2 protein chains.
Amino acid sequence: MRISQLSAASGVPIPTIKYYLREGLLPAGEQTSATRAEYGERHVRRLRLIRALLEVGRLPIAAIRKVLAAVDDETLSMHLVLGTAHYALAPEIESHPDDEAWHEARSETDRLIAELGWRIAPRAPTRDELAQVILTLSRLGLPATGEALRPYAEAAMELVMEHEIGTIPFDRTREEAVEALVVGTVVHGRALDVLRRLAQESTSAQLFGASAASPEE
Amino acid sequence: MRISQLSAASGVPIPTIKYYLREGLLPAGEQTSATRAEYGERHVRRLRLIRALLEVGRLPIAAIRKVLAAVDDETLSMHLVLGTAHYALAPEIESHPDDEAWHEARSETDRLIAELGWRIAPRAPTRDELAQVILTLSRLGLPATGEALRPYAEAAMELVMEHEIGTIPFDRTREEAVEALVVGTVVHGRALDVLRRLAQESTSAQLFGASAASPEE
DNA sequence: ATTATTGGATAGTACAGCTAGCCAATCACT
DNA sequence: AGTGATTGGCTAGCTGTACTATCCAATAAT
């Protein structure tokens, strides 16, 4: 398969494929001569994965590179690959060195995690992300305690336990299992987010009774 | 309150406040002379709201402007304001005019919504977003039927019904209620997303047993 | 009277994610 | 063998987003 066919098969324009090659997202094809390289099914799969992480997961290119490096590193355990994906998903949060409100939000976060009995790395960036959410809620005068978030936490855990673990194909190759894990993390997150907004719209339609809900673009 | 005090009170740098004024995100202060304007508590609140939508909700400036315009339009019902926020949250999805796989994903979406009995505007962008998620899952060979997403849908609906409706202060002014509605949409979405990733990490730690889950930055 | 601050305007920056153009080598076809 | 198209590799340019920086004249504070 040459680059033009790879482009046709994946729907990704040739210049973009070249860009991904330069950026190290896509492994080089097998060189058959100075001006020819052969790409395979694996490249098509990899491109699909890249586009999923980019378009659905909204990960920046640099983060995708790290995730893919972890996927490809055969020495990494499932848990570490998942951790890498989580790192990639967590946005950089500027540090608040001496901000008291920040520390309060952060300890509220740690308390909630402890109460739930969850096993979370002490320095996981996800902790900071949750603290940022709690801080934002409290600044805006909305309920921002761990208690208020507990129903979300419990629902999240139930979904993860009952519907995400089951879909990981442990019986296939490591690469397939690890890819499914990473994609699942990212895409199921968006699925849940979209469904929640749909549930909101439906509830709002019933509560407020409007039939047309289409603001101008 | 002068601009420097507004900056100090909100933590937003003066040039950025000027930028938000130019972009129409922040209403102008009350002019007291040619080179002086007075800002109030409302401006501080508005800045907090902007930062919440920007940093937690990750909405682009242009989308925030639309949402705020809807919040400020007293003639709009709750339902329409929420609809505007949903429009703002949904990313532009390129249209797939004659893509058969796309149409299949789209009808799978519509089928799921119909089966759930949800009231969703036929042209809501959220439908396209869900179709994109389903399409991505199916392309990657993961379960992508409406059935597979049903548990997510049901959990989402339960959370919305039992924990989001209740936190909206209908007893206060319209502006407060509407702001809480918009913020809740955006911030609770992120809260749920973060908690889901935490639940994943905890589950992964138990399943795969590792104690250190900190990949290199 | 002097120094600082303000609003208003214009221009510049930094980053992300492509996109375009060029070139010599080489391939496919006649 | 000749001819046009394609390829990989390279460098440069483009578009959009969210700010920053600078300048200025008017005014306020001391």
Side-chain angles (χ1 to χ4, degrees), chain A residues 1-40 43 46-68 88-89 91-94, chain B residues 1-40 43 46-68 88-89 91-94:
Chain A
M1 197 187 286
R2 295 186 291 272
I3 199 172
S4 58
Q5 296 169 284
L6 180 60
S7 170
S10 64
V12 178
I14 293 180
T16 306
I17 293 178
K18 287 182 172 186
Y19 169 65
Y20 292 161
L21 287 166
R22 282 199 303 279
E23 291 295 311
L25 299 193
L26 195 63
E30 195 193 341
Q31 288 278 121
T32 60
S33 82
T35 64
R36 239 7 80 115
E38 186 70 14
Y39 301 92
H43 293 89
R46 178 52 53 102
L47 273 178
R48 279 202 281 254
L49 180 56
I50 292 170
R51 298 304 268 199
L53 296 179
L54 189 69
E55 291 171 2
V56 178
R58 295 176 182 190
L59 294 188
I61 297 288
I64 293 176
R65 179 172 40 232
K66 285 181 196 161
V67 170
L68 294 178
L89 276 170
E92 277 300 302
I93 290 173
E94 71 224 67
Chain B
M1 195 187 284
R2 293 186 289 275
I3 198 170
S4 58
Q5 296 169 283
L6 180 60
S7 169
S10 64
V12 179
I14 293 180
T16 305
I17 293 178
K18 288 184 172 186
Y19 168 66
Y20 291 163
L21 286 167
R22 282 199 302 279
E23 291 294 313
L25 301 193
L26 196 64
E30 195 192 342
Q31 289 278 122
T32 59
S33 83
T35 66
R36 225 39 51 128
E38 186 70 13
Y39 301 92
H43 293 89
R46 177 53 54 102
L47 272 178
R48 278 202 281 255
L49 180 56
I50 292 170
R51 298 304 269 200
L53 296 179
L54 189 70
E55 291 171 2
V56 179
R58 296 179 183 187
L59 294 189
I61 297 289
I64 294 177
R65 178 172 41 233
K66 285 182 195 161
V67 170
L68 295 178
L89 276 169
E92 277 298 302
I93 291 173
E94 71 223 68

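When reading the values below, keep in mind they use all heavy atoms of this one structure, side chains included, and skip hydrogens, waters and symmetry mates. Model, not experiment: these values are computed from the prediction. To find a chain, count down the sequence lines: A is the first, B the second, and so on, and within it residues start at 1.
What separates OH of Y19(B) from P of dT13(C) is a distance of 17 Å, to the nearest Å. Distance, I17(A) CD1 to dT19(C) C1': 14 Å, rounded to whole Å. The distance from atom CG of L21(A) to atom P of dG17(C) is 17 Å, rounded to the nearest whole Å. To the nearest angstrom, P of dT5(C) lies 12 Å from CD of Q5(B). With rounding to whole Å, H43(B) atom NE2 is found 14 Å from dG7(C) atom C1'. For the pair L6(B) CG and dT5(C) P, the computed distance is 17 Å after rounding to whole Å.
When the options I50(A), L89(A), L54(A) are evaluated for a side-chain contact (heavy atoms from CB on, under 4.5 Å) with L59(A), the one that passes is L89(A).
Between Y20(A) and I64(A), every side-chain heavy-atom pair lies at or beyond the 4.5 Å cut-off. E23(B) has its side chain within reach of R65(B): a pair of non-hydrogen atoms, C-beta onward, lies under 4.5 Å apart. Between I61(B) and L25(B), some side-chain heavy-atom pair lies under the 4.5 Å cut-off.
Residue whose closest nucleotide on DNA chain C sits further toward the 5' end, between I3(B) and Y20(A): I3(B). Residue K18(B) is the one, among K18(B) and K18(A), whose nearest nucleotide of DNA chain C lies closer to the 5' end (criterion: closest heavy atom). In terms of position along DNA chain D, the nucleotide closest to P60(B) lies nearer the 5' end than the nucleotide closest to the other residue of the pair T35(B) and P60(B).
Using a 4.0 Å heavy-atom distance criterion, L54(A) is classed as a sugar-phosphate-only contact. Within 4.0 Å of E23(A), counting heavy atoms only, lies no atom of the nucleic acid at all.
Picking from dA20(C), dG7(C), dA25(C) the nucleotide with the shortest atom distance to the side chain of R22(A) gives dA20(C). Nearest nucleotide to the side chain of I61(A), out of dT6(C), dG17(C), dT10(C): dG17(C).
Regarding contacts with the backbone of dT6(C), a side-chain N or O of S4(B) is found under 4.0 angstrom from either OP1 or OP2.
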Inset, instruction - Would you sort out whether R2(B) and E38(B) count as a salt bridge (charged side-chain N to carboxylate O under 4.0 Å, His left out), showing the intermediate values? - result: CA-CA 5 Å; R2(B) 293 186 289 275; E38(B) 186 70 13; 5.7 Å; no

Legend entry - Derivation of the side chain to side chain contact (heavy atoms under 4.5 Å, CB included) call for S7(A) and I17(A): CA-CA 7 Å; S7(A) 170; I17(A) 293 178; 3.8 Å; yes

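To the nearest 0.5 Å, atom CD of residue E30(B) and atom NE2 of residue H43(B) are 9.5 Å apart.
For DNA chain D, the contact window with chain B, defined by any atom under 4.0 Å from a protein heavy atom, covers dA18(D) to dA28(D) in 5' to 3' order.
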